[in-house]
Amino acid sequence: MSLENIEKPVPSDFIRDIVAKHVAEEKYPRIHTRFPPEPNGYLHIGHAKSICLNFGIAREFGGICNLRMDDTNPTKEEIEYVESIQTDVNWLIGDWAEDRLGLKPKGKTPQTISGDGKRDFIQPAIFGTSEAERKNSTTPFEPFYASDYFDQIYDYAEQLIEKGKAFVCDLSAADMELYRGAPDRPGQDSPFRNRSAEENLDLFQRMKAGEFPDGARTLRAKIDMASSNVWLRDPILYRIKHAEHHHTGAKWCIYPMYDFAHCLSDYIEGVTHSICTLEFEVHRPLYDWILESLHLPRALPKQYEFAKLIPSHTIVSKRKLIALVQDKIVTGWDDPRLPTISGIRRRGVTATALRNFAIGVGVTKYISLTDVAVYEHAIREDLNKRSLRRLAVLRPIKVVITNYPEGKVEELDAVNNPEDLNAGKRQIPFSRELFIERDDFAEVPPPKFFRLKPGGEVRLKYAFIIKCDEVVKDAAGNITELRCTADLDSKMGGPTAGRKVKGTIHWVSAAHAIDAEVRLYDRLFTEAEPEKDGRDYRTVLNPNSLEVITAKCEPSLNHADANERYQFERLAYFTLDKDSTPGKPVFNRTITLKDAWAKEAQKG
RNA sequence: UGUCCGAUGGUGUAAUGGUAACACAGCGCCCUUUGGAGGCGUUAUUCAUGGUUCGAAUCCAUGUCGGACAGCCA
């Protein structure tokens, strides 16, 4: 079984309970969910939860999950985002749910079916393929687009007008706000509410034909201006926007609103369970009203809502993320400190780890703050199992082994991954002059310091036990070199190999070490809730969220593989960054190892 | 002073009228050629009040607190 396929027990939550019940009742021929982002920004960790929920359900119940661009507002959406969304979704679902991904042949628009003298629109999904198969296929696939249904949605709007359930309204935006009332105060009917179906049809067609400027008129549902639910107070279905659309070009100058387009898109695609976040709870009656008013021939989709993921020590709102990029607080959408999926990926977090986290937080209707420590645990748990161990010294100090011959080099065996012996071994060169970590030596050791100290002994990982004989300093009193003697019998297999010394430290041979740029990433914010009580998140930025250093690495790291994950022993997990060039590797620190000594040292 | 939704250890979730459990975090111990990983142990929980019931985290009522909703955004 591959690492990717090691999964936690199947989760259970209130939505899955509902789905399981529907499966038992055979309510639908097949469970069909969808993940419907608006292509107006990059996907982030919150979307990851939604992706895992929707694809997870498809996977557990033998269903399909469509990827759909919810692109009904041309002024906010761009192709760049459409592409990044596809990349991120494919990466996240990987071989976990790739065969549940519902797509369609490129360019395909809904079929029209006539039965009982009634039109019906259907946009079926193709699924059951792997990403590799799709790439090699002669027929290109693409995600679904709400904008592919503009003709059908327009048709539905006319049907509503004919039924007397929608009207063209000439109220200005300001007047409409006045007429809407407030949550605790009823609204008033629009003076245009009782236009005839013929007049409405004519006006709506002229809206489509481009006769009116932006904002001049809207198409509104005729529901109830006195409803306690503001979303039922004759909500806008269509607005005029003379704007080019990234997918439909200049074809339209009227665009449906989210509420009108979404439920109908779900219906056209045969979605059974339309899962969204809690803020849409109050929209649900409208979702149902539109579908029921149209008297559609097939089973209607139902909307279910869950609480979105709010991770601590970060921000997730699209607007704020854009600000971080624009203010150059981070380097771009894929900055490894960002909670965007592209940033998370670049940081070195695996799709498996992100999924385990996103699934592990559970699905409820309670709005909670998820401690970033839970996320970090999921990353470490995954990386511990898969990462290749390597020796690297971040902040070097020179050590000379005085009883080791000058010019001698020996290759020592080192295990690649103690958690997976199949990962094999490699050899590391050892010689007279080494680098060890500055923090691993203390001239005046604090209590419980297990590392190198004057007159003390420590184990060099995979090598000898050494003893510090002399501390060499420059004129300013800075330590420049440690002179040590090795117990030459103490290496693996040697007579004194079993000798117990309290500490084991990492090292590299000075002559053989390669330099690598290492980017040490940390949390972007120092506070769990950067914007708590309306505070400006800029006041709680972590000044140390990125530190760039040059590290001394064992030679094998010259051939580091971008698809691998590495643990620099005793330090942290790293992955190769895309900025690497041949001979000049750049490593990103994904997450530190747990550091029990740091905790202990803090107590003292 | 409207409608809807919610409340279980420090945090996040489970228990679907029948012993309040799991994970993270914390603390302690064991083990360790990573102060990692692993193992063992431990601290700590049902918003309040009333009701129904043999029995309530679960059902009902009232209250308290928190959230969502008044874009021609999604």
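Hydrogens, waters and symmetry mates play no part in the numbers below; they use all other heavy atoms, side chains included. Just so we're on the same page: letters track the sequence lines, and every chain starts at 1.
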Six-ring centre of A:Phe574, A:Arg589 cation under 6.0 angstrom, axis tolerance 45°: no
For B:G71, glycosidic torsion class - syn if within 90° of 0, otherwise anti: syn
Cation-pi geometry met for A:Lys502 and A:Phe450 (6.0 Å, 45°): yes
Atom pair distance, as rounded to whole Å: CH2 in A:Trp231 and C1' in B:A68: 11 Å
Side-chain N or O of A:Ser368 closer than 4.0 Å to phosphate OP1/OP2 of B:U13: yes
Dot-bracket pairing map - RNA chain B, Watson-Crick plus G-U, both contacts under 3.5 Å, | cross-strand: .((((((..((((....[..)))).(((((.......)))))....(((((..]....))))))))))).....
Candidate nucleotides B:G12, B:C73, B:C24, ranked by approach to the side chain of A:Val361 - the nearest: B:G12
Donor on one side chain, acceptor on other, A:Asp189 and A:Tyr179, under 3.5 Å: no
A:Tyr145 and A:His247 aromatic ring geometry - parallel, tilted or perpendicular at 30°/60° bounds: parallel
A:Ile236, nearest nucleotide to its side chain (from B:G12, B:C72, B:A15): B:C72
4.5 Å side-chain heavy-atom contact, A:His313 and A:Tyr375: no
A:Glu38 vs A:Tyr258, side chain to side chain donor-acceptor pair (under 3.5 Å): CA-CA, chis, key distance, verdict: CA-CA 10 Å; A:Glu38 182 187 16; A:Tyr258 161 85; over 6 Å; no
Just the table, please: protein N/O against nucleotides 3-5 of chain B N/O, every pair under 3.5 Å.
from, atom 1, to, atom 2, distance (Å)
B:C5, O2', A:Glu281, OE2, 3.4

Geometric cation-pi criterion A:Lys453 and A:Phe441, 6.0 Å radius, 45° cone: no
Ring geometry between A:Trp252 and A:Phe150 (parallel below 30°, tilted from 30 to 60°, perpendicular above 60°): perpendicular
Donor + acceptor pair across side chains of A:Tyr404, A:Glu410 (<3.5 Å): yes
Side chain of A:Ser12 (C-beta onward), nearest among B:A15, B:G71, B:U13: B:A15
Touch class at under 4.0 angstrom, heavy-atom based, for A:Asp17 against every strand present: base
Geometric class of the A:Tyr81/A:Tyr42 ring pair [parallel <30°, tilted 30-60°, perpendicular >60°]: perpendicular
Per-nucleotide protein contact string for nucleotides 25-39 of chain B, where B marks a base within reach and S marks sugar-phosphate only (heavy atoms under 4.0 Å, - for neither): -SSS----BBBBS--
Test salt bridge (Lys or Arg N to Asp or Glu O under 4.0 Å) applied to A:Arg499 and A:Asp487, step by step: CA-CA 10 Å; A:Arg499 255 179 72 204; A:Asp487 173 353; 2.5 Å; yes
